[in-house]
K.L.:
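Let me give you the structure first, and then I'll get to my questions.
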Amino acid sequence: MTSERLEVQRTIKADPATIFRILSDPQGHVTIDSSGMLMDATGDPVKAVGDSFVVHMDREALNDYPMGLYDVTVTITTFVPDREIAWTILGQIRPQIGHVYGYTLEPTEDGTLVTSYYDWSNIDPEWKKAAIFPVISEGALRATLGILARTVARSGSAP
């Protein structure tokens, strides 16, 4: 891990395909969000790099910037079915920030080792100067993996 990237891992008792279906579905993003900012999403499950969907946000959940309700576009930057998915966020802020969120999935005897990562190493220089990163904490990434595990278990897809 570098000072500009957070990674957390958790083994989830499900196969990679089951987990990947949640991660590639816009509603899955809303379901597993631990920050409380993702309120809803519009769009179809993604199938390739360049696909996108809209997420309806509420920044008040973080109580850091008074942005209220707003929309962002999630654009897929890495898409390897059942192995890795990553995206960047395009919003109203200019210049665009350029941070990346993603997951890697590795099959194990007990299910799937899921690595959640948040990388802001290539953000626009203006945002580096602002020194506001990371926006999401390691604890929030860890909590999202917990919600993902719970979501899979409740779906009946876990062994």
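In this text the structure is predicted, and so the values were computed from the model without any measurement.
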K.L.:
Can you see which heavy atom on Val46 is nearest to which on Ser52, and at what distance?
P.N.:
CG1-N, 4.4 Å
K.L.:
Any side-chain heavy-atom pair from Ile22 and Thr31 closer than 4.5 angstrom?
P.N.:
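No. Closest side-chain heavy atoms not under 4.5 Å.
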K.L.:
Nearest 0.5 Å, please: how far is CG in Leu6 from CG in Leu141?
P.N.:
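Leu141 atom CG to Leu6 atom CG measures 6.0 Å (nearest 0.5 Å).
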K.L.:
Closest approach of Ser24 and Ile85, non-hydrogen atoms and distance?
P.N.:
CA-CD1, 3.8 Å
K.L.:
On a heavy-atom basis, which atom in Ala17 and which in Asp82 lie closest, and how many Å separate them?
P.N.:
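Shortest heavy-atom contact: CA-OD1, 3.2 Å.
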K.L.:
Considering only residues two or more places apart or on different chains, which pairs with a residue in residues 141-150 satisfy salt bridge (charged side-chain N to carboxylate O under 4.0 Å, His left out)?
P.N.:
Glu138-Arg142
K.L.:
Got a sec, which residues hit side-chain contact (heavy atoms from CB on, under 4.5 Å) with Thr144, two or more places apart in sequence or on another chain?
P.N.:
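Applying side-chain contact (heavy atoms from CB on, under 4.5 Å) to Thr144 gives Ile32, Ser34, Tyr103.
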K.L.:
Quick one, Leu105 and Glu84 - any side-chain contact, counting heavy atoms below 4.5 Å?
P.N.:
no
K.L.:
Arg83 versus Pro107: any side-chain heavy-atom pair under 4.5 Å?
P.N.:
yes
K.L.:
Do Val152 and Lys13 have side chains that get closer than 4.5 Å, going by heavy atoms?
P.N.:
no
K.L.:
Could you list who else is in Val54's hydrophobic cluster, with ILVMFWY side chains joined at under 4.5 Å, directly or through other members?
P.N.:
none
K.L.:
From Asp71 CG over to Met39 CE, what is the distance, rounded to the nearest 0.5 angstrom?
P.N.:
12.0 Å
K.L.:
Please check if the side chain of Thr112 supplies one atom and the backbone of Glu106 the other of a donor-acceptor pair under 3.5 Å.
P.N.:
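Such a contact is absent between Thr112 side chain and Glu106 backbone.
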K.L.:
Would Met57 and Leu69 count as a side chain to side chain contact (heavy atoms under 4.5 Å, CB included) if you check the C-alpha gap in whole Å, the side-chain angles of each, and the deciding distance to 0.1 Å?
P.N.:
CA-CA 6 Å; Met57 306 285 289; Leu69 302 175; over 6 Å; no
K.L.:
Among residues at least two apart in sequence or on other chains, which ones pass side-chain hydrogen bond (donor to acceptor under 3.5 Å, both in side chains) with Gln27?
P.N.:
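Expected list: Asp40.
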K.L.:
Which distance, rounded to the nearest 0.5 Å, do you find between the OG1 of Thr18 and the CG of Leu23?
P.N.:
11.0 Å
K.L.:
State, without any angle test, whether Gln9 and Thr115 hold a side-chain donor-acceptor pair at a distance under 3.5 Å.
P.N.:
yes
K.L.:
Measure the CD1-CG distance between Ile12 and Asp110 for me, rounded to the nearest 0.5 Å.
P.N.:
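With rounding to 0.5 Å, CD1 (Ile12) is 12.5 Å from CG (Asp110).
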K.L.:
If you take all heavy atoms of Gly36 and Asp33, which pair is closest and at what distance?
P.N.:
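Distance-wise, the nearest heavy atoms are N-OD2, 2.9 Å.
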K.L.:
Between Arg10 and Ala149, which heavy-atom pair has the shortest distance, and what is it?
P.N.:
NE-CB, 3.8 Å
K.L.:
Is Val80 isolated, or which residues cluster with it under the ILVMFWY side-chain rule of less than 4.5 Å, directly or via members?
P.N.:
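None; Val80 is a cluster of one.
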K.L.:
If you look at every heavy atom in Thr75 and Leu90, which pair is closest and at what distance?
P.N.:
OG1-CD1, 3.5 Å
K.L.:
With side chains defined as the heavy atoms from C-beta onward, is the minimum distance between Val74 and Tyr101 less than 4.5 Å?
P.N.:
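No, side chains not in contact.
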K.L.:
Could you list all the ring-ring contact (aromatic ring centres under 6.0 Å, His included) pairs where at least one residue sits in residues 16-46, not counting sequence neighbours?
P.N.:
Phe20-Phe79, His29-Phe53, His29-Trp87
